Asks: 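Sharing a structure, written as structure tokens. Questions coming.
None of these values were measured; they are calculated from a predicted model.
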Amino acid sequence: MGLTADMGRFVAGLRYDQLPPDAAKTVRLGFTDCIACMITGWNEPVTRTAARGLDIAHDGANTPISALQAPAPERALIYGVASHAIDYDDTGLAGHPSAVLVPTILAEAAESGADGRAMVTAYVAGYELWAEATRRDSGQHHRKGWHPTAMFGTIAAAGAVSVLRGHDAAMATRTLGVAASLAGGIVGNFGSMTKPYQVGRAAQSGLLAARLAEAGLTSTETAIEDDLGFLRAISPKGQVDTKTPANFGKDWGILRAGINIKLYPVCYAVHRALDALIDLRKVTPMKAEEVEAIDLEIGETQAEILRVHRPTNGLDAKISGEFAMASAIVAGACGNAELTDGFVNRPDVQDLIRKVRIVTTPERDNHEPAHSPFDRVTLHLRGGGTLTSEAVSRPRGHYQRGVETEAMWAKFEDCVKPTLGERGTRVLFDAIQGLDRMASIDGFGIFPASKRAASAA
């Protein structure tokens, strides 16, 4: 049997009691972070635009999540778009696992009435499929032009849905095969609304694949590993392992790779450099006019992802290494307050943007090949002096450093409080920490009631 069938058997046989203890902790963290980002992104123009394109009612700035009425696949898409709308959601596996998996699970759980344990199990199942697929190819999918979140996330979403719908191995395998043909997304659309749309589309495709498979749509049992299948089709160099047996349930990807909490709402490729420059600025305060040039040392793939070099609005600025450096110098921060059109176009910010020089290295980090072993920033000052930051290999919030409860709460509160208020924010945060004990999606209190709850009423 090949990889697609192995994936199907793993998904069909996975149970909550089989999960390693620390897995649930990571899942709760992913739900906490993703739901916070979803609430912040709910009324962003891209979310309203995606809903309007699907003829789904979301036409006002005060439309709450709980009012969304849509079939589960479309609901997953809107949830996914909102989760990635401000590019603040967690990262891992060269992508954004939670921004695909959490919307997928929330939308499907509303249909099936799944409890918290099933939601945790579904997340782990999807994550493990994603980890298994990415470990088989060391090539840089970003540099080939593929958006890894959209590509691998579609397979992961399909696996999560199979868990929630109780598929046997044959049906799960068929669902994954269908999903392999639904994946799509390109780096060329980074910096536009289509980037978060691609994330939401991956979630939607997972639900569609399951429903199509159940309706009788067939797929091959080798769709993922076939010589003309998913992995080889998107492989940057064609050097992909399709033969080695999977090691599901023994080498847990979720323990090995985890998720990284973003503490800046910009592309993760520049987070280490932001940490470096902000820390340098705290030790040695400087004024923008004192800086003659800025050398940003990053990896080649990071430089290609940070493709916007002269941003003129807040959306473009999220994908700009130059803006991140300018923001760190001018404001000592790079948060939602700085990611506005007004701040981006300030004369002092634009002046610094033009002074940033990108210095790349082909060296790669063993754990995260899309990144260099470390990032560093050097400031060249008027009068000939220089200031060089520490070399940063793991940003704050990285799973190997962990995220402090206070930092996670601060981010959650910042994202959620404007919508739910102080008390509502605390209630939601505490509810998510008890995810394993939830009887249904209704335990969150902010999503449309599950069909099970509606029928009981």
Asks: For E221, is the CD atom crowded, meaning more than 12 foreign heavy atoms sit under 6.0 Å from it?
Replies: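 For E221, atom CD is not crowded (no more than 12 foreign heavy atoms under 6.0 Å).
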Asks: Hey, are R136 and E132 close enough for a salt bridge, meaning a charged N less than 4.0 Å from a carboxylate O?
Replies: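 Salt bridge present between R136 and E132.
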Asks: Checking Q140 side chain against A370 main chain: does a donor-acceptor pair fall under 3.5 Å?
Replies: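 At least one qualifying donor-acceptor pair exists.
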Asks: Salt bridge between D168 and R174, side-chain N to carboxylate O under 4.0 Å?
Replies: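 Result for this pair is no, no salt bridge flagged.
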Asks: Kindly indicate whether the side chain of Y88, heavy atoms from C-beta on, has any atom under 4.5 Å from the side chain of L263.
Replies: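 The answer is no; the side chains never approach within 4.5 Å.
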Asks: Hey, is D33 close enough to K262 for a salt bridge, meaning N to O under 4.0 Å?
Replies: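 So D33 does not pair with K262 through a salt bridge.
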Asks: Would you indicate whether the side-chain heavy atoms of V11 and H167 approach each other to under 4.5 Å?
Replies: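 Sidechains of V11 and H167: no contact.
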Asks: Please walk me through it: do Y123 and T26 pass side chain to side chain donor-acceptor pair (under 3.5 Å)?
Replies: CA-CA 10 Å; Y123 185 108; T26 299; over 6 Å; no
Asks: Would you please name every residue forming a salt bridge (charged side-chain N to carboxylate O under 4.0 Å, His left out) with D414, sequence neighbours left out?
Replies: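 Partners of D414 by the salt bridge (charged side-chain N to carboxylate O under 4.0 Å, His left out) criterion come out as none, since no residue qualifies.
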Asks: Does K411 pair with D90 as a salt bridge, N-O distance under 4.0 Å?
Replies: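 Salt bridge between K411 and D90, a charged N being under 4.0 Å from a carboxylate O: no.
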Asks: In this structure, are over 12 heavy atoms from other groups packed under 6.0 Å from D430 atom CG?
Replies: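 Atom CG in D430 is packed in, count exceeds 12.
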Asks: Shortest non-hydrogen contact from S327 to A333?
Replies: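 Closest pair (atom of S327, atom of A333, distance): OG-O, 2.6 Å.
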Asks: Could you check whether any side-chain heavy atom of D87 comes within less than 4.5 Å of a side-chain heavy atom of P265, counting everything from C-beta outward?
Replies: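 Result no, sub-4.5 Å side-chain heavy-atom pair not found.
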Asks: Can a donor-acceptor pair be found between the side chains of E363 and H371 at a distance below 3.5 Å?
Replies: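 Side chains of E363 and H371: no pair found under 3.5 Å.
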Asks: Measuring from atom CD1 of I224 to atom CG of L176, what distance do you get when rounded to the nearest 0.5 angstrom?
Replies: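 Spacing of CD1 (I224) from CG (L176) equals 5.0 Å.
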Asks: In terms of ring plane angle, is the pair H142 and H147 parallel, tilted or perpendicular, where the classes change at 30° and 60°?
Replies: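 If you compare the ring of H142 with that of H147, the planes turn out tilted.
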Asks: Can you tell if the side chain of Q204 reaches within under 4.5 Å of the side chain of T104, non-hydrogen atoms only?
Replies: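 They are not in side-chain contact.
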Asks: Using a 6.0 Å cut-off, check whether atom CD of E422 has over 12 heavy atoms from anything other than its own residue.
Replies: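 Atom CD in E422 is not packed in, count stays at 12 or less.
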Asks: Can you confirm whether or not the ring centre of Y197 sits under 6.0 Å from the ring centre of H84?
Replies: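 No; H84 has its ring centre 6.0 Å or more from that of Y197.
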Asks: Just by distance, do the side chain of N247 and the backbone of K250 share a donor-acceptor pair under 3.5 Å?
Replies: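 No; judged by distance alone, with no hydrogens or angles, the pair does not exist.
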Asks: Kindly give the heavy-atom pair with the smallest separation between F444 and L106, and that separation in Å.
Replies: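 Heavy-atom minimum between the residues: CE1-CD2, 3.7 Å.
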Asks: Can the ring centres of H367 and Y399 be said to be less than 6.0 Å apart?
Replies: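 Yes.
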Asks: Within the distance-only criterion (no hydrogens, no angle test), does the side chain of R28 pair as donor or acceptor with the backbone N or O of A23 below 3.5 angstrom?
Replies: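 No; zero donor-acceptor contacts below 3.5 Å.
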Asks: Start with the C-alpha gap between D436 and Y16, add the side-chain angles, then the distance that decides, and say whether side chain to side chain donor-acceptor pair (under 3.5 Å) holds.
Replies: CA-CA 10 Å; D436 312 55; Y16 178 85; 2.7 Å; yes
Asks: Measure from the side-chain N and O atoms of S393 to the backbone N and O of P373, and report whether any donor-acceptor pair falls under 3.5 Å.
Replies: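 Absent.
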Asks: Between the side chain of T134 and the main-chain N/O of L93, is any donor-acceptor distance below 3.5 Å?
Replies: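 Side chain of T134 to backbone of L93, a donor-acceptor pair under 3.5 Å: no, none is there.
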Asks: Please confirm whether F447 and Y79 have ring centers closer than 6.0 angstrom.
Replies: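 Yes.
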Asks: Indicate the atoms forming the closest heavy-atom contact of L164 with A109, along with that distance.
Replies: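 For L164 versus A109, the nearest heavy atoms are CD1-N, 4.3 Å.
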Asks: Which residues pass the side-chain contact (heavy atoms from CB on, under 4.5 Å) test with A317, sequence neighbours left out?
Replies: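 So A317 forms a side-chain contact (heavy atoms from CB on, under 4.5 Å) with P311, F323, L339, V344.
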Asks: Donor-acceptor check, side chain of T40 to backbone of C415, threshold 3.5 angstrom: yes or no?
Replies: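 Side chain of T40 to backbone of C415, a donor-acceptor pair under 3.5 Å: yes, one is there.
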Asks: Ignoring hydrogens, what is the shortest heavy-atom contact between L296 and A273? Give both atom names and the distance.
Replies: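 In this case the closest contact between L296 and A273 is CD1-CB, 3.4 Å.
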Asks: Can you check side chain to side chain donor-acceptor pair (under 3.5 Å) on S372 and R272, steps first, answer last?
Replies: CA-CA 10 Å; S372 56; R272 298 187 303 184; 3.1 Å; yes
Asks: If I compare all heavy atoms of S440 with all of M119, which pair ends up nearest, and what's the gap?
Replies: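 Looking at all heavy atoms of both residues, the closest pair is C-CE, 4.1 Å.
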Asks: Is the shortest distance from a Lys or Arg side-chain nitrogen in R396 or D275 to a carboxylate oxygen in the other one below 4.0 Å?
Replies: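 Looking at R396 and D275, the cut-off is met.
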Asks: Determine whether a donor-acceptor pair (N or O, by modelled atom type, separation under 3.5 Å) exists between the side chain of E108 and the backbone of I105.
Replies: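 Checked: no pair found.
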Asks: For the pair Q302 (side chain) and A269 (backbone), establish whether a donor and an acceptor sit closer than 3.5 Å, ignoring hydrogens and angles.
Replies: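 Flag set: sc Q302 to bb A269 pair under 3.5 Å.
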Asks: Rounded to the nearest 0.5 Å, how far does CG of L212 lie from OG1 of T218?
Replies: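 Rounded to the nearest 0.5 Å, the OG1-CG separation comes out at 11.0 Å.
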Asks: Does the cation-pi check pass for R426 over W409, that is, NZ or CZ under 6.0 Å from the six-membered ring centre and within 45° of its axis?
Replies: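 Yes, R426 lies over the aromatic ring of W409.
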Asks: Would you indicate whether the side-chain heavy atoms of T244 and L3 approach each other to under 4.5 Å?
Replies: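 When only atoms from C-beta onward are counted, T244 and L3 do not touch, as no gap falls below 4.5 Å.
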Asks: Cut-off 3.5 Å, side chains only: do S235 and D137 have a donor facing an acceptor?
Replies: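 Short answer, yes.
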Asks: First locate atom NE2 of H141, then atom CD1 of I234, and finally report the distance between them rounded to the nearest 0.5 Å.
Replies: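 Result: 4.0 Å between the selected atoms.
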Asks: What closest approach, in Å, do I259 and P97 show between heavy atoms, and which atom pair accounts for it?
Replies: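 Between these two residues, the closest heavy atoms are CG2-CG, 4.5 Å.
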Asks: Quick one: does any side-chain atom of E304 pair with a main-chain N or O of E300 as donor and acceptor, under 3.5 Å?
Replies: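 Checked: no pair found.
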Asks: Between N260 and T91, is a side chain to side chain donor-acceptor pair (under 3.5 Å) present by the stated rule, with each step listed?
Replies: CA-CA 5 Å; N260 311 308; T91 72; 3.2 Å; yes
Asks: Can you tell me how far apart CD1 (I298) and OG1 (T360) are? Round to the nearest 0.5 Å.
Replies: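 One gets 7.5 Å once the value is rounded to the nearest 0.5 Å.
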Asks: Using a strict threshold of under 4.0 Å (side-chain N to carboxylate O), is an ion pair present between R165 and E214?
Replies: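 Yes, E214 and R165 are salt-bridged.
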Asks: What distance do T361 atom OG1 and F374 atom CZ have between them, rounded to the nearest 0.5 Å?
Replies: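 Answer for the OG1-CZ pair, T361 versus F374, is 7.5 Å.
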Asks: Would you find a donor on one side and an acceptor on the other, under 3.5 Å apart, between the side chain of E225 and the backbone of T4?
Replies: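 Checking the backbone N and O of T4 against the side chain of E225, a donor-acceptor pair under 3.5 Å is found.
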Asks: Can you tell me how far the CH2 atom of W42 sits from the CD1 atom of I35, to the nearest 0.5 Å?
Replies: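 Reported to 0.5 Å precision, the distance equals 12.0 Å.
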Asks: Is any side-chain N of the basic residue among D17 and R117 closer than 4.0 Å to the acidic one's carboxylate O?
Replies: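 Looking at R117 together with D17, the answer is yes, because their closest N to O distance falls below 4.0 Å.
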Asks: Quick one: are L217 and R211 in side-chain contact, heavy atoms under 4.5 Å?
Replies: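 Not in contact.
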Asks: Who passes side-chain contact (heavy atoms from CB on, under 4.5 Å) against R256, sequence neighbours left out?
Replies: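 side-chain contact (heavy atoms from CB on, under 4.5 Å) list for R256, sorted by chain: D251.
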Asks: Testing the 3.5 Å rule here: is there a donor-acceptor pair between the side chains of Q433 and T32?
Replies: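 Distance-only check passes for Q433 and T32.
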